[in-house]
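This report concerns only the one structure given below.
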Amino acid sequence: MTYGQIKTSEFVNTTANPMKRVAGAVASIFFVTSVFAQSNTPIPASVTVQTNESKDSLSAPPVVSNETANPANAASLFAPVKPSNTPKIYTKGAPSGPAEMDLRQLWTELKLNNPQLSSLRESYLSAKATVPQINAPANPQVGLVWSGMPVNSPFALGGANAPSSTYPQGISSNNAISFTQPFQFPGKKSLASDIANTNAEALLAQSESTYLQLGAQLSTLYYTALASQKQLQVLKESVLRLEMIKNVAKARYANNAAAYVEYLNAQVSQSAAQADQFNVERQLQVALNSINTLVGRHSREKLVLRGDVRRAMSSVPTLIELEDYAENGHPSLKSSALQLDAARKGVDLAKKAYLPDFQVIGSSYTPRGPFSANNGAMFYQFELDLIIPLYFFTKEKYGVEQAQRNQAAAEAGNISNRQQIVLAVNSAYAAYEQAKNQTQFLKERQVPQADAAYKVGLTQYSNNGQGFNDLLTAQTQLRNLEVQLALAESNLLQAQAVLLVTSGKEPF
């Protein structure tokens, strides 16, 4: 004569259809109870059925943390972002305590604190600082002249014109102070500074393109972390289902309705599911460390990721709209267009090398020494010089050819860059469509079918039927498909983010 007792804990709403989940839970309890209904005697064995965390899909944003979340704070974790709970933007790499961020805030952190982007910003500011230097006038020259000095005369300043027995007329005459100012042909400096400014703006556009690339990497890590969290939920629920199967097998063994090896097999499968949790937890920790490093934080800082993933899985513009946006607003194309503009201006500047430059010299002459107190007549001299290209314009001719070659290279590069961007948008859109179809197929067909197969197997086995191996197989398939669904939803969100970034847009 055997005795048993059934204990059930509160089932948590874990899917988008709460009625289906509750019905499944009630059915499971009924099936377990039916094992012992065939005996009219009390049941000594104790079968405990427990559930754990929510079975929400990625459409309901899970809390991802590198420390255990407090269930009491669940409501605050899912609250919308407001100025009161918006985390502080950290500008230093030193540990600053735990932070709670969504994807938009992570992108803001990336823009402010990523060292690579900071380097590009400083390079842009450095390039902008060269523009006023190029446009500034050339430095003048000031000189002193002592002329008419006899051979072997002493180098005297104050007494340079004082008569002596050796030099009755003085040492020198017509001493002068000169001022020289060079000028380039009008338009040369302004054109050169314009070219430098255009190159600086092209560098800024390149930094914006790098920002989008790093943002795509950040989005991939973000959704990978969410997928790891979802896998942990699936594995924990798989452990609970195996606990249920194990307890049913134990109760059947107590009633001499099953072999003890069935209980052992269920226990082995449960241990394997628990071992898989350790690997996923390690993957989650690595993803969080990578996100911290990417946004300029210390890799071991505590980080909590939050976000409305249902809103992220919104409709995506059509392929034609994305291609049009990429061709008109992608930073990489903007940079190549600016480089082409600078190359064309470089041709104009090279042609201006045929034009002469100028030099103006003003001099003041006096018969007295420049530092002596004696007076003398003073007169002035003005000189205008032309700096003429010589040597049959060889340097200028090849300078123009070099500039034209640079322009041709920039034009070809611009066309190639445009083609690569459009091709990347097409490829990213195809990947997005494939991920979307795969997610829908898993969510609408395969996972429900696997769930139904598991319930049927549990029903048969709970009613003293055979098919223990079939039940374990159905449970394993259900777990694998749920993990695949989590990964497929993550891949869909990653593909969506990459598609928008490839088009030159932020993914929110």
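Values reported hereafter were calculated over all heavy atoms of this structure, with side chains retained and with hydrogens, waters and symmetry mates removed.
Although no hydrogens or angles enter the test, the distance criterion places a donor-acceptor pair under 3.5 Å between the side chain of N406 and the main chain of Q402. A donor-acceptor pair under 3.5 Å is formed between the side chain of R297 and the backbone N or O of K302. Checked by atom type and distance alone, the side chain of Q270 pairs as donor or acceptor with a backbone atom of V239 at under 3.5 Å. With hydrogens and angles disregarded, a donor-acceptor distance shorter than 3.5 Å links the side chain of K189 to the backbone of A136. Although no hydrogens or angles enter the test, the distance criterion places a donor-acceptor pair under 3.5 Å between the side chain of N437 and the main chain of E433. Panel note: side chain Q181, backbone A138; a donor-acceptor pair is recorded below 3.5 Å. Side-chain atoms of N417 do not come within 3.5 Å of backbone N or O of G413 as any donor-acceptor pair. Side-chain atoms of R418 come within 3.5 Å of backbone atoms of E327 as a donor-acceptor pair (strictly under, hydrogens ignored). Within the 3.5 Å criterion, the main-chain N or O of Y223 finds a donor-acceptor partner in the side chain of S490. Under a 3.5 Å cut-off, the side chain of T439 and the backbone N or O of A488 do form a donor-acceptor pair.
Residues F179 and I361 have side chains not in contact (no heavy-atom distance under 4.5 Å, counting atoms from C-beta outward). Residues L303 and V295 form no side-chain contact, since every pair of their non-hydrogen atoms from C-beta on lies 4.5 Å or further apart. A 4.5 Å side-chain heavy-atom check between V400 and F393 finds every atom pair outside the cut-off. Side-chain atoms of V316 and L322, non-hydrogen and from C-beta on, do get closer than 4.5 Å to each other. R344 has its side chain out of reach of D348: every pair of non-hydrogen atoms, C-beta onward, lies at least 4.5 Å apart. In this structure, D276 and R479 have side chains that are in contact, with non-hydrogen atoms separated by less than 4.5 Å. At a threshold of 4.5 Å between non-hydrogen side-chain atoms, the residues N426 and E323 count as touching. Residues L442 and Q438 have side chains in contact (heavy-atom distance under 4.5 Å, counting atoms from C-beta outward).
Counted within 6.0 Å of CD1 on I320, heavy atoms from surrounding residues, nucleotides or ligands total 12 or fewer; the atom is thus considered open. Within 6.0 Å of atom CG in N139, 12 or fewer heavy atoms from other residues, nucleotides or ligands are found, so the atom counts as exposed in its surroundings. Atom NZ of K188 has more than 12 heavy atoms from other residues, nucleotides or ligands within 6.0 Å. The neighbour count for Q449 CD, taken as heavy atoms of other residues, nucleotides or ligands under 6.0 Å away, is above 12. By the neighbour-count criterion of 12 heavy atoms within 6.0 Å, atom CZ of F358 is densely surrounded, having more than that number from other residues, nucleotides or ligands.
Under the 4.0 Å criterion applied to side-chain N and carboxylate O atoms, E401 and R405 are assigned as salt-bridge partners. Looking at D451 and K455, a side-chain N of the basic residue comes within less than 4.0 Å of a carboxylate O on the acidic one, giving a salt bridge. For the pair E201 and K128, the salt-bridge criterion is met [side-chain N within less than 4.0 Å of a carboxylate O].
If you take CD1 on I134 and CG on N197, they are separated by 9.5 Å, rounding to the nearest 0.5 Å. Note that CG of L242 and CG of L472 are 7.0 Å apart. Values are rounded to the nearest 0.5 Å. The CG atom of L203 sits 10.5 Å away from the CD atom of E208 when rounded to the nearest 0.5 Å. Expressed to the nearest 0.5 Å, how far CD of Q206 lies from CG of L204 amounts to 9.5 Å. Here the straight-line distance linking atom OG1 of T473 with atom CG of L478 works out to 12.5 Å at 0.5 Å rounding. Annotation: the span from L493 atom CG to T220 atom OG1 amounts to 10.5 Å, rounded to 0.5 Å.
For the pair A326 and V425, the tightest heavy-atom approach, listed with the atom from each and the gap, is CB-CG2, 4.0 Å. The minimum heavy-atom distance between S207 and L117, with the atom names listed, is O-CD2, 3.9 Å. Residues Q133 and A129 approach most closely at NE2-O, 3.0 Å, considering heavy atoms. Summarising the geometry of A435 relative to L492, their closest heavy-atom pair is CB-CA, 3.8 Å, with the distance given to 0.1 Å. P389 and P356 get closest at one heavy-atom pair: CD-CA, 4.5 Å. Nearest approach of Q231 to L487, heavy atoms of both residues: NE2-CD2, 3.2 Å.
The closest side-chain donor-acceptor pair between R121 and S118 falls under 3.5 angstrom. Judged by distance alone, the side chains of Q407 and E411 do bring a donor and an acceptor atom under 3.5 Å apart. With no hydrogens or angles considered, no side-chain donor-acceptor pair links T180 and Q359 at under 3.5 Å. Looking at E383 and S363, their side chains never bring a donor and an acceptor atom within 3.5 Å of each other. Under the 3.5 Å distance criterion, with hydrogens and angles disregarded, a donor-acceptor pair is assigned to the side chains of N414 and S336.
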>> Test side-chain contact (heavy atoms from CB on, under 4.5 Å) on W107 and L212; report intermediate values, then the result.
In response: CA-CA 9 Å; W107 274 64; L212 290 177; 4.1 Å; yes

>> Assess the residue pair N279 and Q283 against the criterion (side chain to side chain donor-acceptor pair (under 3.5 Å)); give the C-alpha distance rounded to whole Å, side-chain angles, the decisive distance to 0.1 Å, and a yes or no.
In response: CA-CA 6 Å; N279 296 329; Q283 294 174 6; over 6 Å; no

>> Apply side-chain contact (heavy atoms from CB on, under 4.5 Å) to residues Q184 and K352 and explain how you reach the verdict.
In response: CA-CA 10 Å; Q184 288 189 338; K352 287 183 178 293; over 6 Å; no

>> If you apply the rule side-chain contact (heavy atoms from CB on, under 4.5 Å), what do you find for Y354 with K397, and how did you get there?
In response: CA-CA 8 Å; Y354 288 104; K397 180 178 66 175; 3.6 Å; yes

Show every donor-acceptor pair shorter than 3.5 Å between a side-chain atom in residues 498-508 and any protein atom, with sequence neighbours excluded, or say none if there are none.
from : atom 1 : to   : atom 2 : distance (Å)
T502 : OG1    : V498 : O      : 2.6
S503 : OG     : L499 : O      : 3.0
E506 : OE2    : Y211 : OH     : 2.7

